[in-house]
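Reading through the structure tokens given below for one structure.
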Amino acid sequence: MAQRAVWLIRHEPGNPLGGTVKFSRRYPTVEKRAKVFNGKSYVPVPEDGPFLKALLFQLRLLDDDKDFVERRDSCSHINKSSIYGLLVGGEELWPVVAFLRNDMIYASVPLVEQTLSPRPSLISISGVSQGLELLFGIQDFLYSSQKNDTDLNTKLSQLPDLLLQACPLGTLLDANLQNSLNSINFSSVTQPQKQPAWKVGTYKGKPQISISITEKVKCMQYGKQDIADTWQVVGTVACKCDLEGIMPNVTISLNLPTNGSPLQDFIVHPCVTSLDSAILTSSSIDTMDDSAFSGPYKFPFTPPLESFNLCHYTSQVPVPPILGSYNMKEEEAQLKITVNLKLHESVKNNFEICEAHIPFYNRGPVTHVEYKVSFGQLEVFREKSLLVWIIGQKFPKSMEISLSGTLTFGVKGHNKQPFDHICIGNTAYVKLHFRISDYTLTGCYADQHSVQVFASGKPKISAYRKLISSDYYIWNSKAPAPVTYASLLP
Amino acid sequence: MGPLSREAWAQRLGAFRASPSAFLAGAEGEDLGRDLLSDLRSEKLSEQTKVSLLTLSLEYSDKLWSDAPAAEAAATSLLDTLVLLPSKPSALRRLLLLAATTALVSGGALGPTSGASCRLLPLLLGLASGRDMGRSFGTLSEQRHLQATACECLGELERCKPGLLAGSLGILRSLLGQTGPIQPVSLLLALVLHNTLVVPSRPGAEIGAGLQGLLVAGVSSSGSCPWDWTLAEEWDAHLQPQAPSWPTTGEEHGFPLLKPSPEEARELKAAVAQLLDTSYLLTSVAQAQLLWLLGWALRGLRGQPPVVFKPQLVRLLGTAQLTLLHSVLALKAAFGEALFTAQDEALLLRRLTLVAQHPALPSPTHLFYLNCILSFPENCPLGLEGEEAAPLLLGPQLSRGLMPSLLHDPMVLLARLHLLCLLCADAEEEEKGHVHSPRWYLQELLAGLQQRAALDGGPQALATLCFQASYLVASCLAGQPTVRTSLVHGLAQLYRARPSLAPHFVDLLDQVSPELREPLRVVLQQEVVARPGKNESLCWHLRMLAKVAEGDAQRATLSFLQAAAIHCTDWGLQQALLRVCRALLRTGGGDGLADLLQVLARQLEDADGRDHARLYYILFSHLSSSKLGMALGPSLAVPALASSLVAENQGFASTLMVQETPAPIQLSVGPQKAKGTLPVLHLQVEALEAPVYSLELRFRVAGQLYGPLEAVHIPCLCPGQPAHPLCLTLQPRRPAPARLHVEALYTTPAGLTCHAHLHPLSVKFADLFLPFPQLPKGSELCFFDDLWNSCLPKGVESRMWCPLGPQGLEALVSQHLEPFVVVAQPPTTYLIAVQLPPDSMLLLRLEKAQVDGVPVALRTDNWAVLPLVGDYLRSLAAH
């Protein structure tokens, strides 16, 4: 259960090498063990240069992606996980854990404590999950509360010291690098016994707890008889507990109003000390009925110092917040579109923003538009072949609005207009972007009075709620649309 | 040279990091390790620079000090530096401990004879147990912080030499209840406990027997050394995986089964419970490590029910933390039903399917959990061990959320598609025709993928995805006719829409099983030949045809090629066209192929093309179809990097030319039978590995001592059959021994003609001996005397001493000279006459044998053989 090496690589499309190694760390003692464990199948960890090249090739991030290359494109080279085999110096280095986020490639080579041929299954290699956890930890550290490139560079420069704390000899001790940073800063304080390793130092000051619930709603509306619309709410409860004492105990309850939609599919932070079996087993896999557990959902925990996600959940609300329809037809050289949107009466009609984006892919620039909107205003981005319908803060009293229009397109310029591999022919969508504060679609709220705190002093408790759209699509009902299996079930 | 400045070091370290091997090979390479160690003590360098030096040594100690003596010296120097540090707090102490540990381990210096090891171990143990180590290790509070580091270093030593710290179990256990950081001590204790139980103990299982003693021994009471090199010796043999193999539950293979006594079991249980009870104080990755270690440690113990883990599970099942859930799966694999009832198993699988798709988790996490589902350690597994399969409990309801969709990114799509294929393969055929069955959905999905891949100018990745999906489906479901038909149909449509995907098609045809390959090949051939004439896809069509042109539809193919020939104006197209012809030649041609080749040989603009066409025509009209297939088949010696032409020429060369090979047969000289008028060499021939056909053996005598030898022909030799006897008649020009050079020319089972040099054969002097014809009874002595007298004066007489071995004269004669004896009066006299072809003779009179030899009078009419006779007589005793 250890890592042989870790890399952080910035992907730079213009760079002839395709990227630069921003950080790398090797563990010679682990490498020594790898040599013994892997025996004849041992392949040494390469230097940064060859590793970079092999990884970028495997991830298809080099610019020469035009032709068929058997080593990468052969139908039998199937990658079904973020674990790769890299060809370096004629030998295959495996397993390499790697993924790309925000132009950064995170990679590590976990130790496999047995021979590599035949290849052991991933589930039997403890270093794989550890490697992923370490890389996620680095990613969280780099991008949490990071505002610009200077911030990023500062954090990058802290990485060597942090890894010396979190993973000094290749075996990961803590994936939370912020915690490691704190431990460097707190190093002059002697820790008492029973101090959890995930909480360095203690909070001193006014006790306060903040709980914020963010729900994201995803939706696919097809406007078709034989395909069912699907939607889902995904909630995240983030907490920051500033409480004195080594191990304060807190219990937070999530409540639903009487007509609220039951919460399901809970996953909780490891600091939650116990979990009611009704919470553990409430699952979207089961068909819904009235017997579904509808709270209150209690989470007893001992909070870490920093802000953390107490739990995530999903929920199936009875109707999507905005119902829409989208018709797009090609008539001679023109596209005729109509979009209708209706806000459900139960939804709070007070948006921070509400926009409908109507993109046109695989076509030329928009040369001519005629349109009529019943409400709001339309912005036309001709070169990007995009219409943005700005609806504003409120739907009108009728709750219904519509847009109709006719568009003509010019000749497709090379690489100027957006390409999409889903929107072929008349397959097209409207994507809604909206945000409503102090509101949740499920009705879920954290009751401030039911928060129990076993610590000195009565904390100030603040609670926030927010609803955000995420992947909210309304597909053209006059053309085929990508379906999920769930939307085909009777 | 004095210490380098901060900037110089920064530059040097940068250059090293850019390419350590290049730097070490360079001029400064040798000095780096030494300079680094000495500059660590320099007072001019800042602590920050020293930190960067130590960080580098942590990362590259195996490169800087690669052998044991260098590593030992480096570790000693690092420890000296540590002792010399001023007593004020310093970040260097921690790094120096880590660096010394790393240097010793990675350089292979760790051991009982290493002075540095013997300094480091007590130091680490002292720091780990919270003893005051004196002012040179900083203030007491700083020493407290080094406690964690010391534990980590000890852990690393124990990992690399399992069993090293078995004697410290008691100390570590007592530390767990005291002040100090809980995580490092817990992890170290769990690791040592694991190694003590899992590392195969020496005969007698002393560890198991002394477990209780080890667990309760305190610092003061034990008195014995807390580390033990004997346990850790032969570290390569002892280094055992934490999970040697991911076994199916219930099996105990490969594990040493220890049977602790009741007292030991109680003590062990208490220790494990103590570790688990405080495990919530550990970070989640450390908790996961603890669970792996304790799980695999207890697995090998009889009578240790794993219920002790149960209280942890409910807490852990609620999280989606990768390492934690993974460790739960490890516990599942380790204990199976003993820890997870059927309901527990169902719940675990439900949680696993949930986290494999939970929208709040990132895609690498989803993919890892999806992979875990396919290798889920079931209580009652049905399939083969190690094979990916959907768990039995994963019914349609549970897997509904794991269905692929076109909106997924390629890896998620492929992983989910694989699951879907496995489910479809398991599903009964009866659901056929059900509109919304998984199989129907699968086909819809493939159609969508094909449509996307058909997009003109679309990225390569989309095409690759489509073909990988097709391959997955083909490898799981090729046996199902409905799936196969729709797949073939869809792919044919895809080719029609975008012929430039031909390389992908060729690759797919190479990879899939014949069940799919054959129908797909036929359909693609039809697709291509249905579109004759000029178009921009001609090069792709030709490339495709070169792969799929075989079988019955040759007429259509030929007319397609005839039509295409007019448009093949450039070299590339002509070559592509010829490649198709070549493919046709290989599979037997067809009626019109000769005509087409003749036309091409005249018409093609390019001279190279015409030459090739002519060559193919000549080959076609002169070689039998099987030989043609061989000649044009894949070259046996395909070079790694070669143009098609090189490969092609190699193919010809290997078939039409004689190949030089190692000897395919073994030739040996058998026992000789002296009779007749010419000496005959009795040979034995055996095939070595493969059958050999039409073997021709050619012999050549060095020095023209004998007349030319005729070649010998053998139709067939197979390995394993009895040796084939062979008589080779020699025609000596002089009575002298010789070496025969032998060459073999033969045909392999693959039809290639090969040539090999065999080991030369030796013809000995005695091999040439022939007896005189049988004489009438009574005239022998007279005949011999006549011969004896006739030798002189032309010839020569000599007397020699023939040494006798223990067997005596009679045995010697009967063994070697029997056929040539004319008169025998044992034990006193033997008269021996030997004909030496072509026209010489040798006469021997063996007289009364003495103690160790026999005097021999000899005459011959050819004085040149005298030295040979001498050698021969002397050699007799040796046999």
Side-chain angles (χ1 to χ4, degrees), chain A residues 1 25-26 28-29 32-33 36 47 49 60 65 68 70 73-76 78-82 99 113-114 121-124 126 129-130 132-133 160 168-169 172-175 187 190-191 193 196-198 234 236 265 267-268 270 272 274-275 280 283 285 312 421-422 424 482 484-485 488-489, chain B residues 19 55 59 61-62 98 102 105-106 141 144-145 152 156 179 183 236 239 241-243 246 281-286 289 292 318-323 326 354 358-360 364 367 371-372 375 398 403 405-407 411 414-415 418 436 441 452 458 460-462 464 467-468 471 503 507-508 511:
Chain A
M1 184 177 273
R25 176 83 166 86
R26 271 149 245 266
T29 55
K32 180 98 182 164
R33 293 208 293 283
V36 178
E47 293 184 359
R60 296 179 166 275
D65 193 19
F68 176 83
E70 197 193 334
D73 298 324
S74 171
C75 60
S76 56
I78 295 177
N79 249 319
K80 294 180 295 175
S81 63
S82 312
F99 58 85
E113 294 167 328
Q114 52 190 302
S121 61
L122 290 180
I123 196 176
S124 68
S126 58
S129 57
Q130 195 192 58
L132 278 168
E133 202 91 77
L169 292 165
L172 183 61
L173 304 172
D174 190 357
S187 66
T190 302
Q191 293 182 1
Q193 202 220 343
W198 37 266
V234 185
T236 299
D265 298 344
I267 49 182
V268 298
V272 174
S274 72
L275 204 53
L280 190 62
S283 159
I285 293 163
H312 302 280
H421 48 73
I422 300 281
I424 306 164
T484 56
Y485 188 62
L488 295 172
L489 291 175
Chain B
S19 174
T55 312
E59 258 194 90
S61 66
D62 53 341
L98 291 170
T102 304
V105 170
S106 68
S141 92
R144 288 282 164 277
H145 282 101
E152 282 143 24
E156 200 60 15
T179 54
Q183 174 164 311
D236 290 5
L239 204 52
Q242 283 161 22
W246 188 269
L281 293 170
L282 274 52
T283 62
S284 48
V285 288
Q289 265 176 67
W292 274 84
T319 79
Q321 202 98 33
L322 269 165
T323 44
H326 196 186
L354 167 66
H358 201 289
L367 290 168
N371 192 293
C372 289
S375 324
L398 210 51
M403 291 290 178
S405 133
L406 287 179
L407 296 166
M411 274 202 294
L414 286 171
H418 188 201
H436 291 151
Y441 183 68
R452 270 166 37 170
Q460 186 72 241
L462 279 182
T464 302
F467 281 89
Q468 292 187 334
Y471 174 76
D507 171 62
L508 183 69
Q511 304 290 342

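Order of the sequence lines fixes the chain letters, A, B, ..., with proteins taken first and strands second; residue numbering starts at 1 for each chain.
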Considering all heavy atoms, the nearest A:S124-B:W292 contact: O-CH2, 4.3 Å
Nearest heavy atoms of B:Y441 and A:Y485, plus distance in Å: OH-N, 3.3 Å
Sub-4.5 Å side-chain heavy-atom contact between A:K32 and B:D62: no
Contacting region of A:V272 [heavy-atom separation from chain B under 4.5 Å]: backbone
A:I123 versus B:H326, closest heavy-atom pair with distance: O-NE2, 2.7 Å
Nearest atoms (heavy-atom pairs only) where B:Q460 meets A:F68: NE2-N, 3.5 Å
With B:T283 via side chain to side chain donor-acceptor pair (under 3.5 Å) - residues at least two apart: B:Q183
Under 4.5 Å from a heavy atom of chain A, the part of B:Q321 involved: both
Winner by heavy-atom pair count (cut-off under 4.5 Å) against chain B, out of A:E47, A:E70, A:H312: A:E47
Side-chain heavy atoms of A:T484 within contact of B:M403, under 4.5 Å: no
Interface moiety of A:L173 toward chain B, non-hydrogen atoms closer than 4.5 Å: both
Heavy-atom pairs under 4.5 Å with chain A, option from B:P359, B:A286, B:A320 with the top count: B:P359
Between B:S405, B:S106, B:S61, the one whose heavy-atom pairs under 4.5 Å with chain A are most numerous: B:S106
Minimum side-chain heavy-atom gap B:Q289-A:Q130 below 4.5 Å: yes
A:P160, part contacting chain B, at a heavy-atom distance under 4.5 Å: neither
Residues A:I424, B:R452; criterion side chain to side chain contact (heavy atoms under 4.5 Å, CB included); working and verdict: CA-CA 8 Å; A:I424 306 164; B:R452 270 166 37 170; 3.9 Å; yes
Top of A:P482, A:G49, A:P168, A:S74 for chain B proximity - count of heavy-atom pairs under 4.5 angstrom: A:S74
Nearest-0.5 Å distance that lies between atom CG in B:L282 and atom CH2 in A:W198: 10.5 Å
Among B:L406, B:L508, B:L407, residue most engaged with chain A (heavy-atom pairs, under 4.5 Å): B:L407
Nearest heavy atoms of B:Y471 and A:C75, plus distance in Å: CD2-O, 3.4 Å
Contact summary for B:L322 and A:E133, nearest pair of heavy atoms: N-OE1, 3.4 Å
Portion of B:L462 that has a non-hydrogen atom of chain A nearer than 4.5 angstrom: side chain
Any residue meeting side-chain contact (heavy atoms from CB on, under 4.5 Å) with A:S82, in chain and number order, not counting sequence neighbours: B:P364, B:L367, B:M411
Side-chain heavy atoms of B:H418 within contact of A:I78, under 4.5 Å: no
B:S284 versus chain A, the contacting section by heavy-atom distance below 4.5 Å: side chain
Contact class of A:S274 relative to chain B, heavy atoms under 4.5 angstrom: neither
Side-chain touch B:L414/A:N79, heavy atoms, less than 4.5 angstrom: no
